[in-house]
Amino acid sequence: MLSELAFSADDLALTRLAISPMWEVVSSFRLLIAGSSHPVHRSWLEQVRPRVAAAGLDDGWLARLIPAQGYLADFLTPPPVEPTPDLETELAVIRATPAEYVRRDVDHFAADDPRRAALRADPEDRLAQVCAEIETYWELALAPYWARIRAVLDADVFHRARQVAERGTGHLFNDLHATLRWDDNTLRLVRRHCAVSREAAGPGLVLVPSVFAEHVLTWSRPPEPPQLAYPARGIGTLWERRPVRHADAIAAVLGRSRTLLLVELAAPASTTELARRTGMSAAGVSQHLTALRDAGMVSSHRAGRSVLYARTAIAESLLDTAA
């Protein structure tokens, strides 16, 4: 299917880049329930899939609204209201989705599912349940990894903005994905589903990089601008465990035990797991993690009965500088 999105001068002027936590929720959940072992995201899938299943999220609201293939509910990915909204900002927009939009989206699916029928009958109350499930999924699957994900997304946005500044918007469009082509003031999309056109979309365009999107995803609902979520650059390095060659220099400031814990947190882990890996006592690990968390270098995320600790952007930056 070939979609064509024509651009006026005003449309080009209103084209913008944004980062969206909800696009990462949607694209990552779709990857999870597809059941495949993705070559890039294999380690993430192996860590996250058991947590999501244990929480029952593989058979909840999201499973009804984000199938492995085909249409996904548009109200889950409203246009970002700012360049880098947080999850709660986007959830507030979802909670306020007009009932007619929710019902129209639900009507795209088969009518034989009780959860979707309940959402259609009572959008306001059920949206609160959907958002609560999204928060749970976020805490289990994305929040512990967000510093790394966000770094890739920020780098992509910086690269695209520089392309526009140096070579113009046309070059940006032609470089986004193999299925996109810019020609004669028109962006052409070769797709299998979900045609989009200027007649069925608002002015401008929102471009959203995603580390989990496997191809270009479109969104269109007048009078809002259309959205294109596209695979971000650099995802091949997202889960690489990068060596820290100057750990001694960091240890001179933080201490060897805390530096060791930061290095071990290349993947989120619990206190028990970190104690097993490092040979420290669980009490000692807990004490050091508390100090690192108070310094803004690690974050904690509940996963069932466990608490996972993850490096923050501050710690990632420190270790990258020392690498």
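Below, each value reflects all heavy atoms present in this structure, side chains not excepted, and no hydrogens, waters or symmetry copies.
Nearest heavy atom pair, residue His288 against residue Met280, reads CD2-SD, 4.2 Å. Counting all heavy atoms, side chain and backbone alike, Gly204 lies closest to Asp11 at N-OD1, 2.9 Å. Nearest heavy-atom pair, Glu316 versus Ala147, reported as atom, atom and distance to 0.1 Å: CG-CB, 4.1 Å. What you find for Val152 and Arg233 is that their closest heavy atoms are CG1-O, 3.3 Å.
No donor-acceptor distance shorter than 3.5 angstrom exists from the side chain of Asp184 to the backbone of Thr186, with no hydrogens or angles considered. Counting only distance, with no hydrogens or angles, the side chain of Arg188 and the backbone of Leu180 share no donor-acceptor pair below 3.5 Å. Within the 3.5 Å criterion, the main-chain N or O of Val211 finds a donor-acceptor partner in the side chain of Glu24.
Looking at Pro203 and Asp10, their side chains never come closer than 4.5 Å, going by heavy atoms from C-beta outward. Side-chain atoms of Phe173 and Leu207, non-hydrogen and from C-beta on, do get closer than 4.5 Å to each other. Between Phe29 and Leu76, every side-chain heavy-atom pair lies at or beyond the 4.5 Å cut-off.
Under 4.0 Å is where a charged nitrogen must lie from a carboxylate oxygen, and between Arg104 and Glu100 no such pair does. Between Asp175 and Arg160 a salt bridge is recorded (basic side-chain N to carboxylate O distance below 4.0 Å). Ionic pairing of Glu88 and Arg95 is present here: one or more N-O contacts between side-chain nitrogen and carboxylate oxygen are shorter than 4.0 angstrom.
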Asp74 and Tyr101: side-chain hydrogen bond (donor to acceptor under 3.5 Å, both in side chains), yes or no, with the steps?
CA-CA 9 Å; Asp74 284 339; Tyr101 289 175; over 6 Å; no
Step by step, work out the side-chain hydrogen bond (donor to acceptor under 3.5 Å, both in side chains) result for Ser270 and Ser306.
CA-CA 7 Å; Ser270 66; Ser306 299; 5.4 Å; no
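Each of Asp105, Leu65, Ile66 was evaluated against Tyr71; a single residue qualifies, Asp105, per the side chain to side chain contact (heavy atoms under 4.5 Å, CB included) test. The side chain to side chain contact (heavy atoms under 4.5 Å, CB included) test with Val52 singles out one residue from Leu62, Leu57, Thr136, and that residue is Leu57.
Within 6.0 Å of the CZ atom in Arg277, the count of heavy atoms belonging to other residues, nucleotides or ligands exceeds 12.
A perpendicular orientation is assigned to the rings of His41 and Trp239, their planes being inclined by more than 60° (bins at 30° and 60°). Ring geometry, Trp44 versus Phe212: the interplanar angle falls from 30° to 60°, so the pair is classed tilted.
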